[in-house]
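Structure first, commentary second.
Each ligand, and each atom within it, is numbered from 1 in the order the structure gives. All residue numbers in this chain count up from 1 along the given sequence.
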Amino acid sequence: TAYRVDVVTIFPEYLAPLRQSLLGKAAERGLVAIGVHDLRQWTDDVHRTVDDAPYGGGPGMVMRPEPWARALEAVRPSGTRLVVPTPAGRPFTQAVAAGWAAEPGLVFACGRYEGIDQRVADWAAQHGPVSEVSIGDYVLAGGESAVLVMVEAVTRLIPGVVGNRESVEYDSHADGLLEGPSYTRPASWRGLDVPPVLLSGDHAAIARWRRAESLRRTAARRPDLLAALPEDALGPADRAV
Ligand SMILES: COc1ccc2nc(C(=O)O)sc2c1
């Protein structure tokens, strides 16, 4: 059965890209089913109010709990993980994406304003797992962009969605390291040559060179990833880099 993704938001049109390209084809092929729902559908006042002033004072507005609970009761299959994008969340990583891709689906609650009344996440946790996550150390205007990022990261890990399985397995971060440089024709371009080893046909040497480039790039750009590698991840040849 298809991997099911539902998104509740006050800007449903913002999530239109979910129907394009990679995701579009996967949806057509029945691998992924996407639903986008307007939170205001579950309001009950003429102004379709979704926000109110924060208790305790402070700037901005907070999203009211009741419309969210009604929306989630209508949209979230019991036991399905609820993902709430928030700058105050745990980091969203490739490992998290891989874990979620192995589940039957996800429901996303997109916050706007200063966020959603905390009791929504607390109440939702009674009906299935809830993950409050951030896609990075910057603050967006709302959760919608984060949902686009997370849906793309998760659905491309679903078998069949990305044609070339190998390209998924050789992603940056797949082995905890950054991918090294890639090249294609011509071999010499504007005075810049492709590293000769890649034209050598010596696949063992090519694999060694690629690993060394991956380690070199990771050490230069993301020393934090290198430090996080498990003890046995680096072999003797790696230490020579
Ligand atoms: C109010 O909803 C928001 C606002 C900012 C924001 N920033 C995120 C991030 O991951 O950077 S998720 C998120 C959700």
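Pairs passing the salt bridge (charged side-chain N to carboxylate O under 4.0 Å, His left out) check and including a residue from residues 132-143, sequence neighbours excluded, do not occur. Screening residues 80-104 for side chain to side chain donor-acceptor pair (under 3.5 Å) gives Arg81-Glu103, Arg81-Ser131 as the qualifying pairs, with residues at least two apart or on separate chains.
The pair Asp238-Arg211 meets the salt-bridge criterion, since a charged nitrogen lies less than 4.0 angstrom from a carboxylate oxygen. Taking the charged nitrogens against the carboxylate oxygens, Glu66 and Arg70 do have a contact shorter than 4.0 Å, which makes a salt bridge. Using a cut-off of 4.0 Å between Lys/Arg side-chain N and Asp/Glu carboxylate O, Glu179 and Arg210 are scored as not salt-bridged.
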Within the protein, flag every N or O under 3.5 Å from an N or O of ligand 1, and note the pair and distance.
residue: ligand 1; atom: 2 (O); partner: Gly111; partner atom: O; Å: 3.1
residue: ligand 1; atom: 7 (N); partner: Leu140; partner atom: N; Å: 3.2
residue: ligand 1; atom: 10 (O); partner: Ser134; partner atom: OG; Å: 3.2
residue: ligand 1; atom: 10 (O); partner: Ile135; partner atom: N; Å: 2.8
residue: ligand 1; atom: 11 (O); partner: Tyr138; partner atom: O; Å: 2.8

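In this view, Arg221 satisfies the salt bridge (charged side-chain N to carboxylate O under 4.0 Å, His left out) rule with no residue, not counting sequence neighbours.
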